[in-house]
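These notes concern the structure reproduced below.
As the structure is a prediction and not an experimental result, all values here were calculated from the model.
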Amino acid sequence: MTLQDTATGLLRALDPETAHGLALQGLAMGLGPKDRTPNDPALEIEVAGLKLPNPVGLAAGFDKDARVPDALLDWGFGMIELGGVTPRPQPGNPRPRLFRLSEDGAVINRMGFNNQGLDAFAHNLLRRRRPGIVGVNLGANKDSQDRTEDYVTGLKRLWGLADYFAVNVSSPNTPGLRNLQSEAALTDLLGRLSEARQALPQPRAPVFLKVAPDLIEDEVLPIVEACLTFGMDGLIVSNTTLARPSRLTSPLAGETGGLSGAPLMAASTQVLGWFHQAAAGRLPLIGVGGIRSGADAYAKIRAGASAVQLYSALVFEGPSLIGRIRTDLAERLKADGFTHVREAIGAA
């Protein structure tokens, strides 16, 4: 793992998107780390019927085309989320579109759902050889005339190839996409997804709604109730933010796009707490945003998350971070008198 973290440091000397592409190539060649550390039984958790060996997951965005799911599972994640994928291939926004804010432990991206489309994605998923929980983040094409239909198309095309699906209506880099979080648009979206799911064969894969961290508290309960009404299986809280905390010091802080990483931790955890209160145990939550340590993962769980996801911290910490978080999380549970991670959910 030390060698891999050294490689991470070398990649940081390159343009962020170039470095990311090289990392994916290395993983595809079998050069990635393999964490063989046994999972602590105290960290095993079931989320919407998914039995996770540990609650630490990879957020969407790292592997947009499902190129290296087996290699990523070898890092020690309890689950990984691939994508976002759109029905048709699209190049995304012009480069540069990915920026490291090293001084702030943050990343800004305006990628714009760049991916090779559903057919290439499905082809890659069919090449999987390793067991493990793999989810798919579904998006909509920028020029689509019916974005709701894009989500339905993605669900149908990839049904049976993934363990769960995340309906991403919270990316800030596709103009107008976040409007799907409004009550009327969300009712139409979830209604059509529910109708499509009823016609799909068993077994039934859980479907989560992924929401933005820029919601206000009054918007939370209607989203929860809509998810319950239309049979959604949970919520992923949250995505990148359009906000720019005043404490950012990097000269790149003014770049447009979604901010992720350490500065997002407090705000995303607050929104997670609102969803936990509104859901009142009726929907499981996956907490995302700003996690870079066991303490951060534990804070998300105590705020109401059954599992967590991270991505940006890997840019700065390398793949050994996953093992450190798992170890620290188990120690924190024990120190607080919990015998199992599920006992800590919502404890704050």
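Put simply, Val85 and Leu126 are part of the same group of oily side chains (I, L, V, M, F, W, Y) that touch within less than 4.5 Å, one to the next. The hydrophobic clustering, which links ILVMFWY residues whose side-chain heavy atoms are closer than 4.5 Å, places Leu310 and Met111 apart. Residues Leu11 and Phe316 are members of separate hydrophobic clusters, defined by side-chain heavy-atom contacts under 4.5 angstrom among Ile, Leu, Val, Met, Phe, Trp and Tyr. Under the 4.5 Å side-chain heavy-atom criterion for grouping Ile, Leu, Val, Met, Phe, Trp and Tyr, Val211 is connected to Phe208 within one hydrophobic cluster. Taken together through direct or relayed side-chain contacts under 4.5 Å among Ile, Leu, Val, Met, Phe, Trp and Tyr, Val271 and Ile301 form part of one hydrophobic cluster.
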*Take Asp146 and Arg192 through the salt bridge (Lys or Arg N to Asp or Glu O under 4.0 Å) test and state the conclusion after the steps.*
CA-CA 12 Å; Asp146 186 350; Arg192 288 164 67 179; 2.8 Å; yes
*I would like to know whether Leu193 and Val167 meet side chain to side chain contact (heavy atoms under 4.5 Å, CB included); could you show each step before the answer?*
CA-CA 10 Å; Leu193 282 169; Val167 178; 3.8 Å; yes
_Test salt bridge (Lys or Arg N to Asp or Glu O under 4.0 Å) on Glu17 and Arg95; report intermediate values, then the result._
CA-CA 9 Å; Glu17 192 165 348; Arg95 296 177 68 165; 3.3 Å; yes
_Derivation and outcome, side chain to side chain contact (heavy atoms under 4.5 Å, CB included), residues Leu82 and Leu125_ = CA-CA 10 Å; Leu82 307 173; Leu125 278 181; 3.8 Å; yes
*Would you sort out whether Phe62 and His20 count as a side chain to side chain contact (heavy atoms under 4.5 Å, CB included), showing the intermediate values?*
CA-CA 8 Å; Phe62 189 98; His20 183 240; 4.0 Å; yes
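Around atom CZ of Arg342, no more than 12 heavy atoms belonging to other residues, nucleotides or ligands sit under 6.0 Å away. Taking a 6.0 Å sphere around CZ of Arg100, one finds it holds more than 12 heavy atoms contributed by other residues, nucleotides or ligands. The local environment of CD in Gln277 is sparse, with at most 12 non-hydrogen atoms from other residues, nucleotides or ligands closer than 6.0 Å. Residue-environment remark: CD (Glu183) stays at or below the threshold of 12 foreign heavy atoms within 6.0 Å. Heavy atoms of other residues, nucleotides or ligands lying less than 6.0 angstrom from CD of Glu46 number more than 12.
Among Asp40, Asp35, Asn39, the one residue that satisfies the side-chain hydrogen bond (donor to acceptor under 3.5 Å, both in side chains) test with Thr37 is Asp35. Just one of Asp150, Asn115, Asp143 meets the side-chain hydrogen bond (donor to acceptor under 3.5 Å, both in side chains) condition when paired with Arg88; it is Asp143. Between Leu248 and the options Pro245, Ser246, Ser250, a side chain to side chain contact (heavy atoms under 4.5 Å, CB included) holds for only Pro245.
Across every non-hydrogen atom of Leu314 and Pro319, the tightest pair is CD2-CA, 4.3 Å. When all heavy atoms of Lys156 and Ala196 are compared, the pair lying nearest together is CE-CB, 4.1 Å.
Put simply, the side chain of Asp70 gets close to the backbone of Arg129: a donor and an acceptor are under 3.5 Å apart. A donor-acceptor pair under 3.5 Å links the side-chain atoms of Ser170 to the main chain of Lys210, judged by distance alone. Proximity of a side-chain donor or acceptor of Asn179 to a complementary backbone N or O of Ser182 within less than 3.5 Å is not detected. Listed for the Thr153 side chain is a donor-acceptor partner under 3.5 Å among the backbone atoms of Glu149. With Arg110 contributing its side chain and Thr256 its backbone, the two residues share a donor-acceptor pair below 3.5 Å. Of the possible polar contacts, none joining the Asp328 side chain to the Arg324 backbone as a donor-acceptor pair under 3.5 Å is found. Between the His340 side chain and the Leu43 main chain, no donor and acceptor come within less than 3.5 Å of each other. Checking side-chain atoms of Asp233 against main-chain N and O of Val207 turns up a donor-acceptor pair under 3.5 Å. Listed for the Asp336 side chain is no donor-acceptor partner under 3.5 Å among the backbone atoms of Phe338. For Ser293 (side chain) and Asp296 (main-chain N/O), a donor-acceptor pair under 3.5 Å exists by modelled atom type.
Between Leu158 atom CG and Leu138 atom CG the span is 6.5 Å, to the nearest 0.5 Å. One distance of note links CD1 of Ile291 with OG of Ser312; it measures 11.0 Å at 0.5 Å rounding. The structure places CG of Asn168 at 11.5 Å from OG1 of Thr86, a figure rounded to the nearest 0.5 Å. Here CG of Asn54 is found 7.5 Å from CG of Leu52. Values are rounded to the nearest 0.5 Å. Rounding to the nearest 0.5 Å places CZ of Phe230 at 12.5 Å from CZ of Arg197. Between Leu118 atom CG and Asp65 atom CG the span is 10.5 Å, to the nearest 0.5 Å.
Contact annotation: the side chain of Lys300 approaches that of Ser268 to within less than 4.5 Å [non-hydrogen atoms, C-beta and beyond]. In this structure the side chain of Trp274 never reaches within 4.5 angstrom of the side chain of Leu215, judged on heavy atoms. When side chains are defined from C-beta on, Phe165 counts as touching Trp159, because their heavy atoms get closer than 4.5 Å. Under the 4.5 Å side-chain criterion, counting only non-hydrogen atoms from C-beta, Leu177 is in contact with Phe113. Ile345 is listed as a side-chain neighbour of Ile45, based on a closest heavy-atom distance under 4.5 Å. Here the side chains of Asp214 and Asn239 are not in contact, with every heavy-atom distance at 4.5 Å or above. Inter-residue side-chain proximity for Leu242 and Leu259 is flagged as unmet; no heavy-atom pair is nearer than 4.5 Å. In this structure the side chain of Met79 never reaches within 4.5 angstrom of the side chain of Val134, judged on heavy atoms.
Side-chain atoms of Asp15 and Thr18 include a donor-acceptor pair closer than 3.5 Å. Asn93 and Asn173 form no side-chain donor-acceptor contact under 3.5 Å, judged by distance and modelled atom types alone. A side-chain N or O of Glu81 and one of Gln309 form a donor-acceptor pair less than 3.5 Å apart. Under the 3.5 Å distance criterion, with hydrogens and angles disregarded, a donor-acceptor pair is assigned to the side chains of Glu343 and Thr339.
With respect to Asp104 and Arg247, no salt bridge is recorded, no charged nitrogen being found less than 4.0 Å from a carboxylate O.
In this structure, Arg147 forms no cation-pi arrangement with Tyr151, as its terminal cationic atom is not both closer than 6.0 Å to the ring centre and no more than 45° off the ring axis.
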